[in-house]
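Residues take their numbers from the sequence shown, with the count starting at 1.
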Amino acid sequence: MVAADALSRVFSALADPTRRDMVARLAVGDATVNELAAPYDVSLQAVSKHLKVLEDAGLVSRSRDAQRRPVHLEAQVFDLMTKWIERYRQQAEERYRRLDDVLAAMPDFAPTPPPKGSPS
């Protein structure tokens, strides 16, 4: 299943906190590898490897703008994740509604007091 494979790659790419942080940064706007690397105490090579994983998952793309090579967040990939999450959210909501109906139909539970003379 192609969609599931793409979804697996996206979730796998986002499993790393550094990559999630980079995605959050790119949600603000495009950035170069150097700009993305600035907050981290890692090599540019390590940042490039993280970007390669994000790129393979379809989360980011790189373009050429004169001498700059900005990294761009591909926000439409989040639609795939959102649809998947939404499907399960709706199922959970329906289960909670059914549970609410069952609980509402139950007679009120009134605990019986302990017998007189017994320790509470």
Side-chain angles (χ1 to χ4, degrees):
M1 179 193 275
V2 174
D5 290 342
L7 189 61
S8 294
R9 284 192 303 274
V10 170
F11 279 120
S12 178
L14 293 173
D16 182 273
T18 301
R19 290 193 287 268
R20 285 194 307 272
D21 194 49
M22 289 178 178
V23 166
R25 164 58 185 87
L26 291 168
V28 174
D30 294 356
T32 64
V33 174
N34 285 334
E35 291 166 343
L36 288 171
Y40 308 106
D41 188 25
V42 296
S43 67
L44 285 177
Q45 183 180 6
V47 171
S48 289
K49 285 182 180 181
H50 281 299
L51 289 173
K52 176 75 170 123
V53 172
L54 292 171
E55 199 170 16
D56 289 347
L59 286 161
V60 301
S61 62
R62 300 185 207 201
S63 61
R64 189 168 239 110
D65 178 18
Q67 297 299 323
R68 285 182 86 231
R69 286 196 44 134
V71 179
H72 174 76
L73 181 64
E74 296 296 336
Q76 75 274 7
V77 173
F78 290 100
D79 291 341
L80 177 67
M81 294 173 58
T82 301
K83 287 176 186 170
W84 185 84
I85 291 167
E86 182 61 20
R87 181 176 64 207
Y88 292 102
R89 187 197 63 75
Q90 288 175 356
Q91 288 177 359
E93 287 282 327
E94 180 56 34
R95 287 185 189 125
Y96 286 127
R97 277 194 293 277
R98 287 195 311 256
L99 179 59
D100 285 344
D101 293 343
V102 168
L103 293 174
M106 292 177 75
D108 289 343
F109 176 77
T112 55
K116 289 185 180 191
S118 66
S120 311

Donor-acceptor contacts under 3.5 Å from residues 22-33 side chains, at least two apart:
| residue | atom | partner | partner atom | Å |
| --- | --- | --- | --- | --- |
| R25 | NH1 | G29 | O | 2.9 |
| D30 | OD1 | H72 | ND1 | 2.8 |
| T32 | OG1 | E35 | N | 3.1 |

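- Between K52 and E55 no salt bridge is recorded (no basic side-chain N to carboxylate O distance below 4.0 Å).
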>> If you apply the rule side chain to side chain contact (heavy atoms under 4.5 Å, CB included), what do you find for R19 with L51, and how did you get there?
In response: CA-CA 8 Å; R19 290 193 287 268; L51 289 173; over 6 Å; no

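- Between the R62 side chain and the V71 main chain, no donor and acceptor come within less than 3.5 Å of each other.
- Of the inter-residue distances, the one linking R20 atom CZ with H50 atom NE2 reads 11.5 Å to the nearest 0.5 angstrom.
- Between D21 and D16, every side-chain heavy-atom pair lies at or beyond the 4.5 Å cut-off.
- Applying the side chain to side chain donor-acceptor pair (under 3.5 Å) test to every pair with at least one member in residues 92-107, sequence neighbours left out, gives these pairs: E94-R97.
- Considering all non-hydrogen atoms of both residues, V42 and V47 come closest at CG2-CG2, 3.7 Å.
- Here the closest non-hydrogen pair linking A37 and L44 is CB-CD2, 3.5 Å.
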> Would K83 and E86 count as a salt bridge (charged side-chain N to carboxylate O under 4.0 Å, His left out) if you check the C-alpha gap in whole Å, the side-chain angles of each, and the deciding distance to 0.1 Å?
Replying inline: CA-CA 5 Å; K83 287 176 186 170; E86 182 61 20; over 6 Å; no

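- At least one side-chain heavy atom of K49 sits under 4.5 Å from a side-chain heavy atom of Q45.
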>> The test is side chain to side chain contact (heavy atoms under 4.5 Å, CB included); show your working for L59 and L14 and say whether it passes.
In response: CA-CA 9 Å; L59 286 161; L14 293 173; 3.9 Å; yes

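- Considering every non-hydrogen atom in both V10 and A57, the closest pair reads CG2-O, 3.5 Å.
- Taking both residues in full, the closest heavy atoms of Y40 and T18 are given as OH-O, 3.8 Å, listed atom of the first, atom of the second, then distance.
- From D79, atom CG reaches atom CH2 of W84 across 16.0 Å, with rounding to the nearest 0.5 Å.
- Looking at residues two or more places apart in sequence or on another chain, you find a side chain to side chain donor-acceptor pair (under 3.5 Å) between Q76 and E74.
- How far CG of L36 is from OG of S48: 9.5 Å, rounded to the nearest 0.5 Å.
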